[in-house]
Structures are given as structure tokens and as C-alpha cells.
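These notes are about the structure you will find just below.
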Amino acid sequence: MTIEATFLEMMPSTVTVYSQTAKSAYGAQTWSGSGTGVRCRIQQTGTLSHDQNGRQVIEVGRIIFYGTPTIDLDSKIVLPDGSTPVLLSVQVHYDQDGTNHTTVSYGRS
């Protein structure tokens, strides 16, 4: 993780991230029993965007994670208010030193 420690004060929220452990033939997902708390900044957006399949969707928010936790579209994220949004995209951002931070766009659940 190459993000500077001074940016930690810009990450006032903590979300819980659960990794997917199984997916049935019918698409039912199962996540790990214990999640990981990750510091982040949550921004409300309300913009028209595209998901990773190219479909137009309404993005209601973005989560900017401190560092680069292991997150993909099959992960489950629980926001501080207890809600579980639909993940639209996951982007890892790089700088001259390598990976810097991760941004997740989400819609309504």
C-alpha cells in the first residue's frame, strides 16, 4: 500500500467487507462469516454511469478505500448504516510507486 498515512484522516468511515465463498447453480451467493473492517470515504453521487458490463445504471455512491483491500464485484459491503448496496464497479488506482487506492461504485440494493 503506497497511500500516504496523512490521507487516513480523510477516511472518516468504516465499512465491513465480506468475500464470497460460494455461488450455487441458481446464483445464490454465500459470503464469509467474518468480515473485515476497512477505513474509507463514502461519497453520495446520484449519477448515470456504466457498470463493468457496459449497461447504464444509476450510481448512488462511491467508496474510496484507504489502500487496496481485496474487493471484487462478488464481495459484499455493509455500509455504516447497515445497508448492503449493489456493487457496480471496482477500480484499483495506481501511481508511480504501484497500487494506491481502490474505488467502488454502488447502486441501490
Side-chain angles (χ1 to χ4, degrees):
M1 160 171 47
T2 61
I3 192 168
E4 295 180 30
T6 55
F7 287 109
L8 187 59
E9 66 190 38
M10 295 172 51
M11 309 292 174
S13 301
T14 300
V15 297
T16 306
V17 179
Y18 297 88
S19 59
Q20 179 180 306
T21 56
K23 190 172 191 176
S24 74
Y26 299 102
Q29 296 175 301
T30 305
W31 292 277
S32 62
S34 61
T36 303
V38 184
R39 291 281 298 264
C40 64
R41 178 174 200 81
I42 300 172
Q43 299 175 332
Q44 305 303 316
T45 56
T47 60
L48 188 61
S49 183
H50 291 89
D51 66 10
Q52 290 191 334
N53 295 321
R55 296 177 298 200
Q56 283 190 337
V57 293
I58 297 177
E59 174 188 297
V60 298
R62 253 184 222 140
I63 306 169
I64 302 166
F65 288 95
Y66 180 74
T68 53
T70 303
I71 299 173
D72 58 29
L73 289 177
D74 293 323
S75 299
K76 177 171 87 171
I77 296 177
V78 179
L79 299 176
D81 66 1
S83 64
T84 305
V86 174
L87 305 187
L88 302 176
S89 68
V90 177
Q91 296 176 312
V92 177
H93 301 275
Y94 299 88
D95 64 10
Q96 69 275 8
D97 296 323
T99 57
N100 186 276
H101 65 280
T102 302
T103 303
V104 174
S105 298
Y106 64 90
R108 285 196 170 82
S109 53

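This structure is a prediction, so every number in the text was calculated from the model and none was measured.
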Give a yes or no on whether the backbone of [Y] and the side-chain of [X] come within a donor-acceptor separation of less than 3.5 Å.
X      : Y     : value
Ser105 : Ser89 : no
Arg39  : Leu8  : yes
Ser83  : Pro85 : no

What's the separation between atom [atom1] in [X] and atom [atom2] in [Y], rounded to the nearest 0.5 Å?
X      : Y     : atom1 : atom2 : value
Gln29  : Gln20 : CD    : CD    : 4.5 Å
Glu59  : Gln44 : CD    : CD    : 10.0 Å
Lys76  : Thr30 : NZ    : OG1   : 10.0 Å
Ile63  : Leu87 : CD1   : CG    : 7.0 Å
Ile42  : Thr14 : CD1   : OG1   : 8.5 Å
Asn100 : His93 : CG    : NE2   : 8.5 Å

Evaluate the side-chain contact (heavy atoms from CB on, under 4.5 Å) criterion for residues Tyr66 and Val38: first the C-alpha distance (whole Å), next the side-chain angles of each, then the deciding distance (0.1 Å), finally the verdict.
-> CA-CA 7 Å; Tyr66 180 74; Val38 184; 5.8 Å; no

Same cluster for [X] and [Y] if Ile/Leu/Val/Met/Phe/Trp/Tyr side chains link at under 4.5 Å?
X     : Y      : answer
Leu73 : Val104 : yes
Leu79 : Val60  : yes
Val86 : Tyr106 : no
Val90 : Val15  : yes

Answer yes or no: is there a side-chain heavy-atom contact under 4.5 Å between Ile58 and Ser49?
->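 A side-chain contact under 4.5 Å is absent here.
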
Nearest atoms (heavy-atom pairs only) where [X] meets [Y]:
X      : Y     : value
Thr99  : Tyr94 : CG2-CE2, 3.2 Å
Trp31  : Tyr18 : CD1-O, 3.7 Å
Ser75  : Thr70 : OG-O, 4.5 Å
Thr102 : Pro69 : OG1-CD, 4.1 Å

Which residues satisfy the side chain to side chain contact (heavy atoms under 4.5 Å, CB included) test with Ser34, sequence neighbours excluded?
->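 Checked Ser34 against side chain to side chain contact (heavy atoms under 4.5 Å, CB included); zero matches.
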
Kindly determine whether Phe65 and Ile71 satisfy side-chain contact (heavy atoms from CB on, under 4.5 Å), including the steps that lead there.
-> CA-CA 10 Å; Phe65 288 95; Ile71 299 173; 3.4 Å; yes

